[in-house]
Number of protein chains: 2
Amino acid sequence: MAMKTLSAKNAAALDKDLMSIGAFSIDQLMELAGLSVSQAVFRVHPPSRGRRILVACGPGNNGGDGLVAARHLWHYGYKPTIYYPKQSKNDLYQRLTTQLKNLSVPFTEDFPKALKENDHIIDAIFGFSFSGSIREPFPAIITALQETHLPITSVDAPSSWNIEDGPPPSGPGATFMPGTLVSLTAPKPLVKFFKGRHFVGGRFVSPDVAEKYDLDLPEYEGIDQVVEVGSSGQKL
Amino acid sequence: MAMKTLSAKNAAALDKDLMSIGAFSIDQLMELAGLSVSQAVFRVHPPSRGRRILVACGPGNNGGDGLVAARHLWHYGYKPTIYYPKQSKNDLYQRLTTQLKNLSVPFTEDFPKALKENDHIIDAIFGFSFSGSIREPFPAIITALQETHLPITSVDAPSSWNIEDGPPPSGPGATFMPGTLVSLTAPKPLVKFFKGRHFVGGRFVSPDVAEKYDLDLPEYEGIDQVVEVGSSGQKL
(Lines give C-alpha, C1' and ligand atoms only; values in the text may rest on other atoms or scores of the structure.)
Protein backbone atom coordinates (compact mmCIF):
# COMPACT_ATOMS: atom_id res chain seq x y z
CA MET A 1 0.00 0.00 0.00
CA ALA A 2 1.43 3.38 -0.98
CA MET A 3 1.67 6.06 1.67
CA LYS A 4 -0.86 8.87 1.51
CA THR A 5 1.01 12.14 1.20
CA LEU A 6 0.33 15.84 1.36
CA SER A 7 1.27 17.92 -1.68
CA ALA A 8 3.21 21.18 -1.23
CA LYS A 9 0.06 23.11 -2.10
CA ASN A 10 -2.08 21.19 0.36
CA ALA A 11 0.59 21.43 3.06
CA ALA A 12 0.40 25.22 2.77
CA ALA A 13 -3.42 25.14 2.80
CA LEU A 14 -3.44 22.81 5.83
CA ASP A 15 -1.08 25.13 7.69
CA LYS A 16 -3.44 28.03 7.01
CA ASP A 17 -6.41 25.96 8.18
CA LEU A 18 -4.64 25.07 11.42
CA MET A 19 -4.23 28.76 12.17
CA SER A 20 -7.67 29.94 10.99
CA ILE A 21 -10.28 27.24 11.60
CA GLY A 22 -7.91 25.36 13.93
CA ALA A 23 -7.29 28.51 16.02
CA PHE A 24 -3.67 27.58 16.67
CA SER A 25 -1.05 30.30 16.92
CA ILE A 26 2.19 29.91 15.01
CA ASP A 27 3.95 29.90 18.41
CA GLN A 28 2.01 26.83 19.47
CA LEU A 29 2.45 24.94 16.22
CA MET A 30 6.16 25.67 16.03
CA GLU A 31 6.65 24.68 19.66
CA LEU A 32 4.98 21.31 19.04
CA ALA A 33 6.74 20.79 15.69
CA GLY A 34 10.15 21.52 17.20
CA LEU A 35 9.34 19.31 20.17
CA SER A 36 8.56 16.46 17.74
CA VAL A 37 11.90 16.93 16.02
CA SER A 38 13.74 16.90 19.34
CA GLN A 39 12.04 13.63 20.31
CA ALA A 40 12.97 12.00 16.99
CA VAL A 41 16.60 13.06 17.44
CA PHE A 42 16.58 11.65 20.97
CA ARG A 43 15.37 8.35 19.51
CA VAL A 44 17.82 8.02 16.62
CA HIS A 45 20.76 9.67 18.34
CA PRO A 46 20.50 9.36 22.14
CA PRO A 47 22.93 11.46 24.18
CA SER A 48 25.15 8.38 24.69
CA ARG A 49 26.08 8.60 20.98
CA GLY A 50 27.38 12.13 21.37
CA ARG A 51 25.79 15.26 22.72
CA ARG A 52 27.04 17.78 20.19
CA ILE A 53 24.27 18.67 17.74
CA LEU A 54 24.70 21.17 14.93
CA VAL A 55 21.37 22.73 13.98
CA ALA A 56 21.37 24.32 10.51
CA CYS A 57 18.47 26.74 10.28
CA GLY A 58 17.02 28.33 7.16
CA PRO A 59 15.30 31.71 7.01
CA GLY A 60 11.68 30.51 7.34
CA ASN A 61 9.43 28.26 9.40
CA ASN A 62 11.66 25.23 8.91
CA GLY A 63 14.47 27.16 10.59
CA GLY A 64 12.09 28.13 13.40
CA ASP A 65 11.28 24.46 14.02
CA GLY A 66 15.03 23.87 14.26
CA LEU A 67 15.44 26.64 16.83
CA VAL A 68 12.70 25.15 18.99
CA ALA A 69 14.16 21.64 18.64
CA ALA A 70 17.58 22.96 19.70
CA ARG A 71 16.11 24.43 22.91
CA HIS A 72 14.42 21.18 23.87
CA LEU A 73 17.60 19.23 23.06
CA TRP A 74 19.54 21.53 25.38
CA HIS A 75 17.09 20.69 28.16
CA TYR A 76 17.60 16.97 27.41
CA GLY A 77 21.32 17.42 28.05
CA TYR A 78 22.61 17.90 24.49
CA LYS A 79 25.04 20.62 23.48
CA PRO A 80 23.49 22.29 20.44
CA THR A 81 25.28 24.76 18.20
CA ILE A 82 23.24 26.88 15.80
CA TYR A 83 24.10 27.82 12.24
CA TYR A 84 21.55 30.46 11.27
CA PRO A 85 23.04 32.68 8.58
CA LYS A 86 19.84 34.41 7.39
CA GLN A 87 18.15 35.45 10.60
CA SER A 88 14.62 36.64 10.19
CA LYS A 89 13.52 39.97 11.64
CA ASN A 90 10.18 38.38 12.46
CA ASP A 91 9.41 38.75 16.16
CA LEU A 92 8.84 35.02 16.75
CA TYR A 93 12.19 33.97 15.31
CA GLN A 94 13.96 36.67 17.24
CA ARG A 95 12.36 35.41 20.43
CA LEU A 96 13.29 31.80 19.65
CA THR A 97 16.86 33.00 19.12
CA THR A 98 16.88 34.88 22.43
CA GLN A 99 15.57 31.77 24.20
CA LEU A 100 18.63 29.88 22.97
CA LYS A 101 21.04 32.69 23.82
CA ASN A 102 19.64 32.68 27.36
CA LEU A 103 20.80 29.06 27.58
CA SER A 104 24.25 30.12 26.31
CA VAL A 105 23.75 28.04 23.17
CA PRO A 106 26.45 29.15 20.71
CA PHE A 107 25.69 30.50 17.22
CA THR A 108 28.36 29.86 14.61
CA GLU A 109 29.04 31.32 11.20
CA ASP A 110 31.70 28.77 10.28
CA PHE A 111 29.81 25.74 9.00
CA PRO A 112 32.85 23.66 7.89
CA LYS A 113 34.45 24.08 11.32
CA ALA A 114 31.17 23.24 13.06
CA LEU A 115 30.91 20.03 11.01
CA LYS A 116 34.18 18.88 12.54
CA GLU A 117 33.03 19.62 16.08
CA ASN A 118 29.63 17.93 16.18
CA ASP A 119 28.15 14.43 16.40
CA HIS A 120 24.82 14.91 14.64
CA ILE A 121 23.23 17.48 12.36
CA ILE A 122 19.69 18.75 12.18
CA ASP A 123 18.85 20.01 8.71
CA ALA A 124 16.19 22.68 9.29
CA ILE A 125 17.04 24.74 6.22
CA PHE A 126 14.13 24.33 3.80
CA GLY A 127 10.68 22.84 4.37
CA PHE A 128 7.51 22.30 2.40
CA SER A 129 7.49 25.83 1.00
CA PHE A 130 10.90 25.43 -0.68
CA SER A 131 10.76 27.17 -4.04
CA GLY A 132 13.52 25.30 -5.82
CA SER A 133 16.11 28.07 -5.79
CA ILE A 134 18.89 27.69 -3.25
CA ARG A 135 20.16 31.14 -2.37
CA GLU A 136 23.53 31.98 -0.88
CA PRO A 137 25.03 30.84 1.40
CA PHE A 138 23.04 27.60 1.22
CA PRO A 139 24.44 25.90 -1.94
CA ALA A 140 27.73 25.22 -0.15
CA ILE A 141 25.88 24.13 2.99
CA ILE A 142 23.74 21.64 1.07
CA THR A 143 26.87 20.30 -0.63
CA ALA A 144 28.54 19.92 2.77
CA LEU A 145 25.47 18.08 4.14
CA GLN A 146 25.62 15.79 1.12
CA GLU A 147 29.27 14.99 1.69
CA THR A 148 29.54 14.74 5.46
CA HIS A 149 29.67 11.37 7.22
CA LEU A 150 27.83 12.76 10.25
CA PRO A 151 24.31 11.46 10.75
CA ILE A 152 21.64 13.96 9.69
CA THR A 153 18.01 14.44 10.67
CA SER A 154 16.05 16.52 8.17
CA VAL A 155 13.00 18.50 9.22
CA ASP A 156 9.99 17.94 6.95
CA ALA A 157 12.13 17.61 3.81
CA PRO A 158 15.77 16.93 2.96
CA SER A 159 16.78 20.51 2.11
CA SER A 160 17.08 21.16 -1.64
CA TRP A 161 14.63 18.36 -2.48
CA ASN A 162 11.56 19.23 -4.49
CA ILE A 163 8.51 18.52 -2.32
CA GLU A 164 6.86 16.47 -5.06
CA ASP A 165 9.77 15.13 -7.11
CA GLY A 166 12.51 14.53 -4.55
CA PRO A 167 16.22 15.23 -5.09
CA PRO A 168 17.18 17.77 -7.74
CA PRO A 169 18.50 16.16 -10.95
CA SER A 170 21.89 17.85 -10.56
CA GLY A 171 23.78 20.34 -8.44
CA PRO A 172 23.72 20.69 -4.63
CA GLY A 173 21.43 18.09 -3.07
CA ALA A 174 21.31 15.72 -6.07
CA THR A 175 22.81 12.92 -3.97
CA PHE A 176 21.80 14.21 -0.54
CA MET A 177 20.25 11.42 1.57
CA PRO A 178 19.87 12.16 5.30
CA GLY A 179 19.63 9.16 7.60
CA THR A 180 16.46 10.42 9.27
CA LEU A 181 13.47 12.44 8.14
CA VAL A 182 10.79 13.93 10.38
CA SER A 183 7.66 14.68 8.35
CA LEU A 184 5.66 17.35 10.14
CA THR A 185 1.87 16.97 10.21
CA ALA A 186 1.97 14.40 7.37
CA PRO A 187 4.49 12.97 4.86
CA LYS A 188 5.04 14.88 1.62
CA PRO A 189 5.33 13.16 -1.80
CA LEU A 190 9.15 13.32 -1.66
CA VAL A 191 9.13 10.46 0.88
CA LYS A 192 8.97 8.05 -2.08
CA PHE A 193 12.60 8.94 -2.77
CA PHE A 194 13.75 8.78 0.83
CA LYS A 195 15.70 5.81 2.18
CA GLY A 196 16.22 6.04 5.91
CA ARG A 197 14.35 6.21 9.20
CA HIS A 198 11.13 8.10 8.79
CA PHE A 199 9.15 9.72 11.59
CA VAL A 200 5.91 11.65 11.54
CA GLY A 201 5.51 14.45 14.10
CA GLY A 202 3.11 17.25 14.94
CA ARG A 203 0.47 15.63 17.13
CA PHE A 204 -2.14 18.34 16.76
CA VAL A 205 -4.18 17.40 13.70
CA SER A 206 -7.93 17.10 14.31
CA PRO A 207 -9.96 14.32 12.65
CA ASP A 208 -11.77 16.96 10.54
CA VAL A 209 -8.53 18.30 9.10
CA ALA A 210 -7.17 14.79 8.52
CA GLU A 211 -10.34 13.96 6.61
CA LYS A 212 -10.35 17.19 4.60
CA TYR A 213 -6.81 16.49 3.34
CA ASP A 214 -7.33 12.73 3.07
CA LEU A 215 -4.51 12.01 5.52
CA ASP A 216 -3.91 8.55 6.88
CA LEU A 217 -2.05 9.52 10.05
CA PRO A 218 -0.14 6.83 11.93
CA GLU A 219 -1.10 6.04 15.52
CA TYR A 220 1.11 7.72 18.05
CA GLU A 221 2.10 5.72 21.12
CA GLY A 222 1.38 6.92 24.68
CA ILE A 223 2.53 10.49 25.16
CA ASP A 224 4.95 10.45 22.18
CA GLN A 225 4.99 13.49 19.93
CA VAL A 226 6.57 11.47 17.14
CA VAL A 227 5.98 8.08 15.53
CA GLU A 228 8.32 6.03 13.35
CA VAL A 229 6.69 4.74 10.19
CA GLY A 230 7.49 2.22 7.47
CA SER A 231 7.27 2.61 3.73
CA SER A 232 3.48 2.21 3.76
CA GLY A 233 3.20 5.07 6.26
CA GLN A 234 2.03 2.79 9.08
CA LYS A 235 3.57 2.77 12.54
CA LEU A 236 6.65 0.52 12.74
CA MET B 1 16.58 18.89 53.64
CA ALA B 2 13.63 21.20 53.06
CA MET B 3 12.48 21.85 49.52
CA LYS B 4 13.32 25.21 48.01
CA THR B 5 10.10 26.90 47.01
CA LEU B 6 8.94 29.92 45.07
CA SER B 7 6.73 32.43 46.87
CA ALA B 8 3.57 33.71 45.21
CA LYS B 9 5.26 37.06 44.66
CA ASN B 10 8.35 35.50 43.14
CA ALA B 11 6.27 33.15 41.00
CA ALA B 12 4.58 36.20 39.47
CA ALA B 13 7.94 37.93 38.99
CA LEU B 14 9.45 34.82 37.42
CA ASP B 15 6.53 34.53 35.01
CA LYS B 16 7.11 38.14 33.96
CA ASP B 17 10.82 37.47 33.51
CA LEU B 18 10.12 34.45 31.32
CA MET B 19 8.10 36.65 29.00
CA SER B 20 10.36 39.71 29.03
CA ILE B 21 14.02 38.67 29.42
CA GLY B 22 13.14 35.05 28.57
CA ALA B 23 11.37 36.13 25.36
CA PHE B 24 8.74 33.40 25.69
CA SER B 25 5.21 34.05 24.53
CA ILE B 26 2.33 33.10 26.78
CA ASP B 27 1.25 30.65 24.05
CA GLN B 28 4.55 28.81 24.29
CA LEU B 29 4.64 28.71 28.08
CA MET B 30 1.03 27.58 28.39
CA GLU B 31 1.56 24.91 25.73
CA LEU B 32 4.53 23.49 27.64
CA ALA B 33 2.82 23.83 31.03
CA GLY B 34 -0.30 22.03 29.81
CA LEU B 35 1.85 19.38 28.14
CA SER B 36 3.57 18.77 31.49
CA VAL B 37 0.22 18.33 33.21
CA SER B 38 -0.94 15.87 30.54
CA GLN B 39 2.23 13.81 31.01
CA ALA B 40 1.77 13.70 34.80
CA VAL B 41 -1.84 12.54 34.38
CA PHE B 42 -0.68 9.86 31.94
CA ARG B 43 1.74 8.65 34.61
CA VAL B 44 -0.59 8.60 37.61
CA HIS B 45 -3.71 7.62 35.70
CA PRO B 46 -2.84 5.74 32.48
CA PRO B 47 -5.70 5.17 30.03
CA SER B 48 -6.08 1.59 31.30
CA ARG B 49 -7.47 3.04 34.57
CA GLY B 50 -10.23 4.87 32.74
CA ARG B 51 -10.21 7.33 29.91
CA ARG B 52 -12.81 9.80 31.10
CA ILE B 53 -11.15 12.92 32.48
CA LEU B 54 -13.07 15.88 33.83
CA VAL B 55 -11.04 19.08 33.49
CA ALA B 56 -12.23 21.87 35.79
CA CYS B 57 -10.89 25.19 34.49
CA GLY B 58 -10.79 28.51 36.29
CA PRO B 59 -10.94 31.91 34.61
CA GLY B 60 -7.19 32.59 34.45
CA ASN B 61 -3.89 31.03 33.39
CA ASN B 62 -4.42 27.93 35.51
CA GLY B 63 -7.58 27.24 33.50
CA GLY B 64 -5.62 27.79 30.29
CA ASP B 65 -3.09 25.16 31.37
CA GLY B 66 -6.03 22.82 31.91
CA LEU B 67 -7.39 23.49 28.42
CA VAL B 68 -4.01 22.67 26.87
CA ALA B 69 -3.66 19.53 29.00
CA ALA B 70 -7.12 18.38 27.91
CA ARG B 71 -6.14 18.68 24.23
CA HIS B 72 -2.98 16.62 24.68
CA LEU B 73 -4.92 14.04 26.70
CA TRP B 74 -7.42 13.74 23.86
CA HIS B 75 -4.53 12.99 21.50
CA TYR B 76 -3.29 10.33 23.97
CA GLY B 77 -6.65 8.59 23.66
CA TYR B 78 -8.46 9.98 26.72
CA LYS B 79 -12.00 11.32 26.63
CA PRO B 80 -11.84 14.72 28.33
CA THR B 81 -14.87 16.76 29.36
CA ILE B 82 -14.40 20.42 30.21
CA TYR B 83 -16.08 22.37 33.00
CA TYR B 84 -15.23 26.01 32.28
CA PRO B 85 -17.95 28.21 33.79
CA LYS B 86 -16.14 31.56 33.62
CA GLN B 87 -14.75 31.66 30.12
CA SER B 88 -12.30 34.43 29.45
CA LYS B 89 -12.76 36.76 26.49
CA ASN B 90 -8.99 36.77 26.09
CA ASP B 91 -8.01 35.70 22.58
CA LEU B 92 -5.66 32.92 23.73
CA TYR B 93 -8.26 31.20 25.92
CA GLN B 94 -10.85 31.47 23.19
CA ARG B 95 -8.45 29.80 20.78
CA LEU B 96 -7.62 27.04 23.26
CA THR B 97 -11.37 26.48 23.63
CA THR B 98 -11.87 26.31 19.86
CA GLN B 99 -9.01 23.81 19.59
CA LEU B 100 -10.94 21.52 21.94
CA LYS B 101 -14.27 22.06 20.20
CA ASN B 102 -12.59 21.06 16.93
CA LEU B 103 -11.83 17.72 18.59
CA SER B 104 -15.51 17.44 19.63
CA VAL B 105 -14.47 17.60 23.29
CA PRO B 106 -17.67 18.29 25.27
CA PHE B 107 -18.08 21.28 27.59
CA THR B 108 -20.43 20.75 30.52
CA GLU B 109 -22.16 23.11 32.92
CA ASP B 110 -23.36 20.37 35.25
CA PHE B 111 -20.43 19.61 37.54
CA PRO B 112 -22.24 17.14 39.87
CA LYS B 113 -23.39 15.10 36.88
CA ALA B 114 -19.91 15.21 35.33
CA LEU B 115 -18.41 13.90 38.58
CA LYS B 116 -20.51 10.77 38.20
CA GLU B 117 -19.40 10.22 34.62
CA ASN B 118 -15.63 10.53 34.87
CA ASP B 119 -12.66 8.54 36.13
CA HIS B 120 -10.22 11.30 37.00
CA ILE B 121 -10.37 15.04 37.61
CA ILE B 122 -7.91 17.76 36.72
CA ASP B 123 -8.22 20.72 39.05
CA ALA B 124 -7.12 23.71 36.97
CA ILE B 125 -9.23 26.25 38.79
CA PHE B 126 -6.81 28.46 40.72
CA GLY B 127 -3.04 28.76 40.49
CA PHE B 128 -0.26 30.80 42.05
CA SER B 129 -2.11 34.08 41.64
CA PHE B 130 -5.11 32.94 43.71
CA SER B 131 -6.25 35.88 45.82
CA GLY B 132 -7.96 33.97 48.62
CA SER B 133 -11.53 34.78 47.63
CA ILE B 134 -13.45 31.99 45.95
CA ARG B 135 -16.09 33.55 43.74
CA GLU B 136 -19.24 31.87 42.46
CA PRO B 137 -19.69 29.24 41.17
CA PHE B 138 -16.45 27.86 42.59
CA PRO B 139 -17.25 27.41 46.34
CA ALA B 140 -19.54 24.50 45.52
CA ILE B 141 -17.01 23.09 43.03
CA ILE B 142 -14.22 23.16 45.61
CA THR B 143 -16.52 21.47 48.12
CA ALA B 144 -17.35 18.80 45.54
CA LEU B 145 -13.63 18.25 44.81
CA GLN B 146 -13.05 17.89 48.53
CA GLU B 147 -15.77 15.29 48.87
CA THR B 148 -15.39 13.20 45.73
CA HIS B 149 -13.69 9.83 45.77
CA LEU B 150 -12.37 10.31 42.25
CA PRO B 151 -8.61 10.81 41.96
CA ILE B 152 -7.64 14.43 41.37
CA THR B 153 -4.58 16.06 39.82
CA SER B 154 -4.18 19.71 40.79
CA VAL B 155 -2.35 22.15 38.56
CA ASP B 156 0.24 24.25 40.41
CA ALA B 157 -1.86 24.43 43.60
CA PRO B 158 -4.80 22.58 45.12
CA SER B 159 -7.49 25.15 44.33
CA SER B 160 -8.54 27.24 47.35
CA TRP B 161 -5.20 26.73 49.08
CA ASN B 162 -3.19 29.78 50.03
CA ILE B 163 0.08 29.70 48.07
CA GLU B 164 2.14 30.24 51.22
CA ASP B 165 -0.01 28.82 54.01
CA GLY B 166 -1.77 25.86 52.40
CA PRO B 167 -5.39 24.86 53.03
CA PRO B 168 -7.79 27.53 54.29
CA PRO B 169 -8.58 27.21 58.02
CA SER B 170 -12.28 26.66 57.31
CA GLY B 171 -14.84 26.62 54.53
CA PRO B 172 -14.48 25.14 51.04
CA GLY B 173 -11.05 23.55 50.60
CA ALA B 174 -10.19 23.25 54.30
CA THR B 175 -9.89 19.48 53.98
CA PHE B 176 -9.18 19.32 50.22
CA MET B 177 -6.25 16.99 49.50
CA PRO B 178 -5.78 15.98 45.84
CA GLY B 179 -3.85 12.79 45.19
CA THR B 180 -1.48 14.46 42.74
CA LEU B 181 -0.01 17.92 42.39
CA VAL B 182 1.91 19.25 39.39
CA SER B 183 4.02 22.26 40.42
CA LEU B 184 4.70 24.37 37.35
CA THR B 185 8.19 25.88 36.99
CA ALA B 186 8.95 25.23 40.67
CA PRO B 187 7.14 24.14 43.86
CA LYS B 188 5.33 26.81 45.87
CA PRO B 189 5.47 26.99 49.69
CA LEU B 190 2.10 25.21 49.99
CA VAL B 191 3.80 21.91 49.10
CA LYS B 192 4.72 21.60 52.79
CA PHE B 193 1.05 20.83 53.46
CA PHE B 194 0.58 18.48 50.53
CA LYS B 195 0.48 14.71 50.99
CA GLY B 196 0.40 12.88 47.68
CA ARG B 197 2.35 12.36 44.49
CA HIS B 198 4.19 15.51 43.56
CA PHE B 199 5.49 16.36 40.09
CA VAL B 200 7.38 19.36 38.82
CA GLY B 201 6.74 20.44 35.22
CA GLY B 202 7.59 23.27 32.87
CA ARG B 203 10.93 22.31 31.37
CA PHE B 204 11.87 25.74 30.11
CA VAL B 205 13.69 27.45 32.97
CA SER B 206 17.16 28.73 32.10
CA PRO B 207 20.03 28.42 34.59
CA ASP B 208 20.08 32.23 34.96
CA VAL B 209 16.45 32.34 36.01
CA ALA B 210 16.88 29.36 38.33
CA GLU B 211 19.77 31.16 39.98
CA LYS B 212 17.98 34.49 40.23
CA TYR B 213 15.09 32.88 42.11
CA ASP B 214 17.29 30.45 44.05
CA LEU B 215 15.51 27.43 42.59
CA ASP B 216 16.81 23.93 43.08
CA LEU B 217 15.13 22.28 40.11
CA PRO B 218 15.01 18.47 39.94
CA GLU B 219 16.68 16.68 37.06
CA TYR B 220 14.27 15.68 34.35
CA GLU B 221 14.76 12.29 32.72
CA GLY B 222 15.25 11.87 28.96
CA ILE B 223 12.62 13.76 27.02
CA ASP B 224 10.15 13.95 29.95
CA GLN B 225 8.38 17.25 30.50
CA VAL B 226 7.61 16.28 34.08
CA VAL B 227 9.54 14.80 37.00
CA GLU B 228 8.20 13.18 40.16
CA VAL B 229 9.85 14.48 43.32
CA GLY B 230 10.00 13.50 46.98
CA SER B 231 9.54 15.64 50.05
CA SER B 232 13.02 17.14 49.71
CA GLY B 233 12.23 18.24 46.14
CA GLN B 234 14.69 15.79 44.61
CA LYS B 235 13.80 13.41 41.80
CA LEU B 236 12.22 10.17 43.07
Side-chain angles (χ1 to χ4, degrees), chain A residues 17-36 38-43 46-47 68 71-78 91-105 202-210 217 219-226, chain B residues 17-32 34-36 38-43 46-48 68 71-78 91-105 202-210 217 219-226:
Chain A
D17 278 355
L18 286 172
M19 288 189 268
S20 55
I21 309 163
F24 283 97
S25 68
I26 178 85
D27 288 52
Q28 275 185 293
L29 294 174
M30 200 166 276
E31 192 63 36
L32 293 174
L35 181 69
S36 295
S38 72
Q39 292 194 353
V41 169
F42 190 90
R43 253 205 257 169
V68 172
R71 171 164 40 82
H72 287 290
L73 288 164
W74 184 92
H75 283 287
Y76 305 160
Y78 290 91
D91 172 64
L92 171 57
Y93 301 128
Q94 292 199 348
R95 287 190 288 99
L96 295 176
T97 300
T98 301
Q99 289 161 26
L100 287 165
K101 289 184 173 167
N102 286 343
L103 299 172
S104 304
V105 168
R203 198 173 180 179
F204 43 64
V205 179
S206 68
D208 282 1
V209 168
L217 294 178
E219 269 193 40
Y220 289 78
E221 194 80 38
I223 60 172
D224 292 352
Q225 298 294 318
V226 86
Chain B
D17 278 356
L18 285 173
M19 288 190 268
S20 55
I21 310 163
F24 283 96
S25 68
I26 178 86
D27 288 51
Q28 275 185 292
L29 294 174
M30 199 166 277
E31 192 63 36
L32 294 173
L35 182 69
S36 296
S38 73
Q39 292 194 354
V41 169
F42 190 90
R43 249 200 265 163
S48 58
V68 172
R71 171 164 40 82
H72 287 291
L73 288 165
W74 184 92
H75 282 288
Y76 304 161
Y78 290 91
D91 173 65
L92 170 58
Y93 301 128
Q94 292 200 346
R95 287 191 288 98
L96 295 176
T97 299
T98 301
Q99 289 161 27
L100 287 165
K101 290 185 174 166
N102 286 343
L103 298 172
S104 306
V105 168
R203 198 173 179 180
F204 45 62
V205 179
S206 68
D208 282 2
V209 168
L217 294 178
E219 270 193 41
Y220 289 77
E221 194 80 37
I223 60 172
D224 292 351
Q225 298 294 317
V226 86

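So you know, we letter chains A, B, ... as the sequences are listed, proteins then strands, and number each from 1.
For A/Leu32, the part sitting under 4.5 Å from any heavy atom of chain B is the side chain, from C-beta outward, and nothing else. Contacts between B/Leu96 and chain A at a heavy-atom distance below 4.5 Å involve the side chain alone, from C-beta outward. Of the atoms belonging to A/Gln99, heavy atoms from both backbone and side chain fall under 4.5 Å from chain B. Proximity to chain A (any heavy atom under 4.5 Å) is restricted, for B/Leu35, to the side chain, taken from C-beta onward. Heavy atoms closer than 4.5 Å to chain A are found nowhere in B/Leu73, neither backbone nor side chain. Both the backbone and the side chain of B/Tyr76 come within contact range of chain A, judged by heavy atoms closer than 4.5 Å. Residue A/Val205 touches chain B through its backbone alone, counting heavy-atom pairs closer than 4.5 Å.
Side-chain atoms of B/Asp27 and A/Ser25 form a donor-acceptor pair, as typed in the model, at a separation below 3.5 Å.
In this structure, the side chain to side chain contact (heavy atoms under 4.5 Å, CB included) partners of B/Asp224, at least two apart in sequence or on a different chain, are B/Arg43, B/Glu221.
Residues B/Thr98 and A/Ile21 come closest through the heavy atom pair CG2-O, 3.9 Å. The two residues B/Ser206 and A/Asn102 make their nearest non-hydrogen contact at CB-O, 3.8 Å.
Counting heavy-atom pairs closer than 4.5 Å to chain A, the top residue among B/His75, B/Lys101, B/Glu31, B/Arg71 is B/His75.
Only one option out of A/Gln28, A/Met30, A/Arg95 pairs with B/Gln28 in a side-chain contact (heavy atoms from CB on, under 4.5 Å); it is A/Arg95.
Side-chain contact between A/Gln225 and B/His72: present, with at least one pair of heavy atoms (C-beta onward) separated by less than 4.5 Å.
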